[in-house]
Each structure stands twice: as C-alpha cells, then as structure tokens.
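Notes follow the structure.
Residue numbers start at 1 and run along the sequence shown.
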Amino acid sequence: MISRVHRPGTPPSLGCGEAGRPVATATACPENFFGILGLLMHDNIESHLVEKRVFKPPRDFSRKARIKSLGQYRRMYRESIRQPAKFWAREASELVWRPRWKKVLEWKAPFAKWFVGGKLNISENCLDRHLSGPRRNKAAIIWEGEPGDRRTLTYQQLHHEVCRFANVLKRNNIRNGDRVIIYLPNIPEAAIAMLACARIGAVHSVVFGGFSSDSIRDRIIDSGAIALVTADGAYRRGGIVPLKRNVDDALRDGTSIKRVIVFRRAGNDIHMEEGRDVWWHRELEYVDANCRATPLDSEHPLYLLYTSGSTGKPKGILHTTGGYLVGVYSTMKYIFDIRDEDIFWCTADVGWVTGHSYIVYGPLANGATVVMYEGAPNWPEPDRFWKIIEEYRVNILYTAPTAIRAFIRWGDEWVAKHDLSSLRLLGTVGEPINPEAWMWYHKNIGGSRCPIVDTWWQTETGTILITPSPGAIPTKPGSATLPFFGVDPAVVDENGREVGPNIGGKLIIRRPWPAMLRTIYGDKARYRQQYWSEFKGNYLTGDGARRDEDGYFWIVGRIDDVLNVAGHRLGTSEIESALVSHPRVAEAAVVPRPDELKGQGVVAFVTLKTGVNATRDLKEELRDHVGVHIGRIAKPDEVRFAEALPKTRSGKIMRRLLKEIASGAKVTGDTTTLEDFSVLGKLAESEE
Ligand code: WTA
C-alpha cells in the first residue's frame with residue numbers, strides 16, 4: 001500500500017490571474033488554494049490532498065517559446081500519437097545520419113528498434129556538427145571544481161579532447177563493442193570519456209563516484225568490461241574521496257579489466273599497477289587529435305547504466321544509439337526550450353541517468369552551453385549554487401527535490417545574498433516534489449517569474465516522459481502534468497483497466513518511445529518479466545500515480561520496495577545483503593520511512609546471531625558496514641534490533657508492516673498472513 005499525504009502549511013498570499021501567478025482552473029479564484037477533498041481511495045493507492053493552485057506560463061515566456069500555447073501543445077501531441085513515424089522522423093532529420101534510416105520503428109513487443117537501417121555517431125552529432133558554424137568557439141562546458149578551479153571548453157576544444165582520448169582508448173586496445181567502466185568525479189573528463197567511447201563504438205558504463213569497491217566489482221562482473229577510466233581522487237566537502245584506491249580494491253581478486261586509465265585530479269598518493277594502470281596525461285603524449293567518428297548502427301549499444309532492483313542484483317539498463325539521441329535531442333529542445341544564448345545547469349552527477357541525458361548528450365546535441373559543478377552544494381557555504389548562478393548568469397536550473405529541501409532547511413538568507421535574475425526556467429527531477437518545496441523554489445529561486453518543469457522519468461526511459469512544456473502548459477505544484485510528445489501513459493488498476501480521475505493505480509506506458517531501454521544487459525527474460533509481463537505490450541513503470549480531472553499526472557511513489565533516498569533508488573535487498581554479510585547479523589529487513597530532507601530515510605530491522613549483544617556501538621558499526629559495502633547514501637538512518645521479523649507463512653518478510661512500525665504508525669494493514677503475532681508487539685518496542 002502506498003499513501004502520500006501532503007501537509008501544506010499556511011497558503012502563501014499570492015495574487016490571482018496574472019501571468020506567472022496562480023489562477024483557478026474550473027472555479028473562480030479560490031480563497032483557499034488547497035482543497036482537501038478527503039480520501040480518494042483505491043485498492044492500491046491513496047491520495048489525501050488535491051492541490052488547487054495553478055500557474056499559467058508567463059506571457060513573455062510563452063511568446064518566445066517554441067511551444068506557445070496549450071492549443072499548440074495539444075495539436076502537436078495529437079499528431080505525435082496519431083502519426084508517430086512522421087513526428088519522430090521530423091525530429092531525427094535535424095541530426096546527422098550516415099546513411100538515413102529506412103524505417104522509423106520496428107516493434108516486436110517488448111523489443112523495439114528505432115530508425116532501422118540508419119547509421120550515425122553520437123559524438124559526431126554532439127561535436128563535429130557544430131564546428132562548421134558560429135558554435136565552433138562557443139562554450140560547450142563551463143566547469144567549476146569544488147576547490148574553486150575553473151575550466152571552459154569550447155565545442156572545438158571539447159572535440160579536440162574527445163578525439164585525442166578516443167585515440168588513447170584505441171591505443172589501449174579498446175574497440176567497437178567493448179565495455180568500459182567510467183568511475184570519475186563530476187569533471188569534464190567524465191563527458192570526454194563518454195563521448196570518446198561513443199566515438200569508437202565502445203559501450204560506457206558510468207559508476208557514480210559515491211559507490212564503493214563492491215559496487216564497482218559487481219558492475220565489472222555483470223558487464224564484462226575490459227577497461228576502466230578513473231581518477232586518483234575526487235574532492236568532496238573539502239576532503240578527498242580515494243577513487244583509485246576503491247578501484248584497486250575492486251580489482252584485487254582479478255576481473256575482466258585489463259587496463260585502468262587514471263586522470264590526475266586530486267593529487268593524492270596512489271598505487272599504479274605495472275602493466276595494468278596508465279596515466280591519462282601520459283597517454284595523451286602518444287596520440288594526435290585525428291579520429292574519425294565511426295558510423296554505428298542506430299541500435300548499436302551506447303551505454304549501460306546500473307540501477308537497483310528489488311531482487312538485489314543491479315540491473316544493467318541498456319540504451320542504444322539512434323533512438324536515444326533523437327529522444328534526448330528533442331526533449332532538451334522542447335522541455336528546456338534551449339536557446340543558443342542560454343547557459344544551462346543540470347546539477348546532477350554524470351553518474352546518474354540525468355547526467356547522461358541532460359549534462360552530456362541532450363545539451364551537446366543541441367549545441368548548448370552547460371555548467372558542470374564538481375562538488376557539494378554546501379561547500380564551503382550553503383550558497384555555493386547561488387554563487388555559481390550569479391557568477392555565470394545561469395538561465396536554466398535543473399535540480400532535485402531533495403536538494404531543494406536541503407536549501408529550505410539551510411535558510412533563505414543564503415539565497416537572498418545573490419542576484420538570481422538571470423534565471424528564466426527551473427526544472428526538477430528524481431522524486432515527487434512536495435507542493436511547498438515547489439512553492440519555495442518558485443518564489444525564492446525563480447523570483448515568481450520562472451516556469452517550473454517537474455520532469456518525470458526513469459533510468460529505463462532514457463528521457464523525460466511526463467512534464468510541462470514551459471511556454472504552454474499551466475503547472476500545478478507537485479504534478480509532472482502532461483505527457484511529452486509521442487508518450488502514451490495511463491493509470492490502470494490490477495486488471496490493466498484505466499481508472500477514472502483522481503483514482504490511484506499503476507502508471508504504465510502504452511507504446512514504445514525512441515529512448516526507451518532495449519533490454520537488461522544479458523537478461524532478456526528479466527527485461528520481459530520486469531517491465532512487460534504484467535500488462536502485456538505495456539511498459540510497467542513501477543510507480544503509482546493518479547490523473548486528475550484535467551488529465552494531469554501525479555506520481556505517488558514506487559509500488560515495489562525500492563527505496564528512494566535523496567533522489568537515488570536503492571534496492572532493499574542490496575542493503576539487506578550487505579547487513580547480513582556482517583558476521584554478527586542473522587537477518588535483516590530494510591524499509592523506508594518518510595524523511596523531510598531525503599524524501600525517504602532508511603530503517604533497518606536486524607536480528608542478531610545467538611549470543612551477540614545488542615549494543616549501540618554495534619548499530620553504528622552496521623551503519624558503517626553498509627556504507628562501505630554499498631556506499632554512503634545507503635547507510636541506514638536507524639538500525640533497530642529485533643528478536644524476529646514478521647514473516648508470512650511461506651517465509652517472506654512482510655516489509656509493509658515494518659514500514660508502518662518504522663514510521664511510528666499503528667499496524668493497520670492486513671496481518672492475516674502473519675506467521676507469529678507476538679513479533680509485532682516486540683518490534684514496536686525495538687526503538688532506540
Ligand atoms: C522517481 C531519475 C515523481 C520515480 C530520472 C521514478 C519521480 C524514479 C520524478 C526513477 C518526478 C523521478 N516526480 N517521481 N518528477 N522523477 N521520479 O531511475 O519513482 O533514478 O520511477 O531516474 O524516480 O529514478 P531514476
């Protein structure tokens with residue numbers, strides 16, 4: 001059971017009816033912008049609040065936007081659904097193909113091929129195609145390191161670096177189709193390494209720099225990667241994360257990795273393994289900058305990105321070339337309404353899909369200027385983001401609700417110190433944004449003048465699927481609003497029937513889209529089973545949602561047990577397995593509990609082996625243990641020792657009950673399948 005309760009505070013006093021101001025949709029301007037319509041119930045999902053505030057796109061913004069009105073959006077959307085091949089062919093023809101595709105889509109559910117017969121190279125589309133005009137000397141990446149160092153790479157310079165690094169890859173025997181792990185800080189070299197792989201047809205798999213050696217190792221084993229690109233260290237909150245040391249640990253017992261290329265970033269002492277490890281800067285001395293982009297089949301694999309599943313083993317989400325590029329190009333163009341003169345800042349790390357699609361491929365395919373920042377938002381002070389925006393005159397900011405909640409906690413004074421008037425558009429991604437956080441973002445960051453695009457999507461979807469078009473679609477705080485072109489989502493019940501307005505259900509997508517995942521790497525059966533088996537021919541997102549009376553989508557959270565901590569999805573079983581790997585632990589169950597800052601916090605219920613003392617120190621030790629084995633973000637906020645865990649008769653842990661206990665609520669759900677009732681009472685007393 002999923003429930004989401006909005007608890008808005010006092011409604012802020014806002015005018016009505018002006019552009020950029022709230023207006024009422026159906027009724028006249030309501031005195032109270034919140035309408036708590038009571039409980040809107042369905043079998044699976046409850047929704048307790050209906051958000052009534054509506055914000056029209058500012059008139060000035062609409063006038064200049066590519067999509068200027070709701071009417072225009074609806075016409076284009078209708079066309080994209082009725083004649084998808086025509087719509088997507090038009091988008092694709094703005095890119096460079098060698099040669100063009102023969103057929104837009106071949107759909108043998110659940111396997112899609114887009115732009116069949118076409119060949120292209122993504123790095124050529126992101127770089128070379130901008131070199132013949134005025135974009136040649138335009139900034140592609142404006143980068144700032146955490147210690148304050150800066151670099152700007154123009155399109156020509158970025159092209160030069162990518163070509164050279166592609167030659168380094170070739171020199172190190174990395175070929176078309178080989179998998180390459182990239183484990184780097186958020187520095188331009190991450191983008192350079194990705195684009196260099198794409199240039200020669202190697203498949204990159206970026207591993208977020210916050211992950212530990214075990215996570216790297218799992219991903220190497222699953223992908224069969226032969227090379228790894230890393231750095232000596234990464235700056236984080238003034239300290240240095242020892243990336244290379246983590247890599248050494250991951251490779252200790254031997255893996256498929258034959259070559260490690262190390263970029264010098266933090267200058268910390270590292271060990272270089274003779275015959276395996278080489279320095280990035282030394283390798284550059286042996287190569288020139290001539291590297292033709294290899295034309296690749298439209299369905300050639302571009303990258304693998306691992307995401308946690310509920311069964312523990314991370315899934316390698318596979319994205320391919322042609323459809324992905326058309327998808328990121330087109331979403332970037334329409335959703336961020338990107339202009340040549342814009343400075344766009346996506347605050348994600350390249351290690352997540354948001355960084356892939358909206359730091360690297362989407363913006364560069366559009367010839368845009370992106371800002372990339374290496375470090376923490378509160379280093380050295382909580383106004384780092386606002387300083388960056390003021391200094392570089394950032395026009396578009398794309399960030400996550402978890403960051404917004406942190407800024408709210410740190411205090412408005414940090415924002416007030418800076419001139420944010422350059423901003424014209426804001427975006428969010430990663431989890432549902434609470435309406436009050438949306439309002440804060442709108443007022444304090446957007447100066448009540450910038451539209452907010454709340455973009456719903458997933459690692460699997462590759463691109464944004466549900467979002468407002470900023471010049472066309474009125475927004476409601478907390479709703480991702482309407483589908484992007486060519487996307488056909490629906491909210492359905494257990495039987496796959498579409499439910500009525502404001503009834504919760506499962507969010508599905510009823511037809512393929514260009515940037516969709518093609519499979520789970522090495523596991524077609526799991527791909528079919530996980531995403532396409534519940535409602536045949538329809539993609540199961542795993543999210544719960546409802547649609548309101550205007551057709552707006554409201555995401556209410558994950559249907560399965562996957563945790564979403566600070567915008568990151570974490571599998572419960574992965575964390576449980578890490579806990580159980582501790583010599584004193586017998587069993588563990590991990591559940592989320594609401595967390596003001598991170599969206600969800602992690603609570604671990606742990607049973608210890610007989611004779612082991614339950615001490616406070618052990619709790620700390622277990623938290624650290626998870627940190628070491630999975631990464632800091634997975635560390636439980638609370639560890640509770642329990643005599644036993646609630647289980648079904650067949651031995652399955654009932655996480656639903658644990659979830660209620662963890663959040664301090666009374667156990668209300670169905671307990672008839674519970675094996676031992678006395679467990680519940682004891683668990684409730686298991687608090688610290
Ligand atoms: C959640 C991130 C509500 C959702 C791009 C989804 C959101 C999961 C939103 C994917 C949003 C992402 N509103 N929920 N705007 N964006 N989510 O794979 O549960 O890291 O299924 O991709 O995050 O997370 P992932």
- Item | Any Arg179 side-chain heavy atom under 4.5 Å of Arg219 side chain | no

- Message: A side-chain contact here means heavy atoms from C-beta on lying under 4.5 Å apart; do Asp454 and Thr475 qualify?
- Response: no

- Query: Any side-chain heavy atom of Val628 sitting closer than 4.5 Å to one from His625?
  - Reply: no

- Message: Quick check: closest heavy atoms across Arg171 and Val287, and the distance to 0.1 Å?
- Response: CD-CG1, 3.7 Å

- Message: Out of the candidates Arg199, His159, Met194, only one should pair with Ser123 under the side-chain contact (heavy atoms from CB on, under 4.5 Å) rule; please name it.
- Response: Arg199

- Heavy-atom closest contact (Lys138 atom, Ala368 atom, distance): NZ-CA, 3.8 Å

- Message: Taking His130's backbone N and O only, do any of them form a donor-acceptor pair with Arg135's side chain (distance below 3.5 Å, no angle check)?
- Response: no

- Message: side-chain contact (heavy atoms from CB on, under 4.5 Å) for Tyr306 and Lys315? Distances and angles first, verdict last.
- Response: CA-CA 5 Å; Tyr306 284 83; Lys315 298 173 286 186; 5.7 Å; no

- Message: Closer than 3.5 angstrom, by distance alone: can the side chain of Ser330 be matched with the main-chain N or O of Gly327 as a donor-acceptor pair?
- Response: no

- Residue that, paired with Tyr398, satisfies side-chain contact (heavy atoms from CB on, under 4.5 Å) out of Val370, Thr354, Val453: Thr354

- Heavy-atom side-chain contact between Trp345 and Ile388 under 4.5 Å: yes

- Go through the side-chain N and O atoms of Asn246 and Tyr183 and say whether any donor and acceptor fall under 3.5 Å apart. yes

- Query: What closest approach, in Å, do Leu305 and Val206 show between heavy atoms, and which atom pair accounts for it?
  - Reply: CD1-O, 3.5 Å

- Decide, yes or no, whether a salt bridge links Arg245 with Asp249 under the criterion of side-chain N to carboxylate O below 4.0 Å. no

- Message: Between Glu273 and Lys244, does any side-chain N to carboxylate O distance fall below 4.0 Å?
- Response: no

- Task: For the pair Arg136 and Asp128, find out whether any cationic side-chain nitrogen is under 4.0 Å from an anionic carboxylate oxygen.
- Result: no

- Indicate whether any N or O donor in one side chain lies under 3.5 Å from an N or O acceptor in the other, for Asn172 and Arg259. yes

- Message: If only side-chain N and O atoms count, and only distance matters, is there a donor-acceptor pair under 3.5 Å linking Tyr324 with Thr463?
- Response: no

- Task: Please examine the side chains of Phe336 and Thr467, heavy atoms only from C-beta on, and report whether any two atoms are closer than 4.5 Å.
- Result: no

- Would Asp595 and Arg593 pass as an ion pair if we require N to O under 4.0 Å? no

- Close side-chain approach of His418 and Phe385, heavy atoms under 4.5 Å: no

- Can you say whether the rings of Tyr358 and Trp457 are parallel (under 30°), tilted (30 to 60°) or perpendicular (over 60°)? perpendicular

- Task: Fit a plane to each ring of Phe407 and Trp410, take the angle between them on a 0 to 90° scale, and name the class: parallel (under 30°), tilted (30 to 60°) or perpendicular (over 60°).
- Result: perpendicular

- Go through the steps to decide whether Trp280 and Phe165 satisfy the test ring pair (Phe, Tyr, Trp, His ring centres under 6.0 Å), and finish with yes or no. CA-CA 8 Å; Trp280 176 307; Phe165 195 66; 3.8 Å; yes

- Message: Contact between Val394 and Ile396 at the side-chain level, heavy atoms closer than 4.5 Å - yes or no?
- Response: no

- Sub-6.0 Å ring centroid separation between His356 and Trp352: no

- Between Lys170 and Cys291 the two heavy atoms that sit nearest each other are NZ-SG, 3.6 Å

- Task: Go through the structure and list residues passing side-chain hydrogen bond (donor to acceptor under 3.5 Å, both in side chains) with Lys258, not counting sequence neighbours.
- Result: none

- Item | Carboxylate-amine/guanidinium contact Glu124 Arg292, below 4.0 Å | no

- Query: Taking C-beta and beyond as the side chain, do Cys126 and Leu195 meet within less than 4.5 Å on heavy atoms?
  - Reply: yes

- Are Asp637 and Lys598 ion-paired here, with the side-chain N under 4.0 Å from a carboxylate O? yes

- Quick one: do Asp383 and Lys417 make a salt bridge, cutoff under 4.0 Å? yes

- Query: Shortest non-hydrogen contact from Ala202 to Val180?
  - Reply: CB-CG2, 4.2 Å

- Relative to the ring of His442, is the ring of Trp438 parallel (under 30°), tilted (30 to 60°) or perpendicular (over 60°)? parallel

- Query: Where does the angle between the aromatic ring planes of His319 and Tyr303 fall among parallel (under 30°), tilted (30 to 60°) and perpendicular (over 60°)?
  - Reply: tilted

- Query: Can a salt bridge be assigned to the pair Glu283 and Arg164 using a cut-off of 4.0 Å between side-chain N and carboxylate O?
  - Reply: no

- For Leu243 and Ala234 the tightest heavy-atom approach is CD1-CB, 3.9 Å

- Run the salt bridge (charged side-chain N to carboxylate O under 4.0 Å, His left out) check on Arg151 and Glu189 step by step: do they pass? CA-CA 11 Å; Arg151 275 162 71 197; Glu189 280 64 30; 2.9 Å; yes

- Query: Got a salt bridge between Asp624 and Lys635, using NZ or NE/NH1/NH2 to carboxylate O under 4.0 Å?
  - Reply: yes

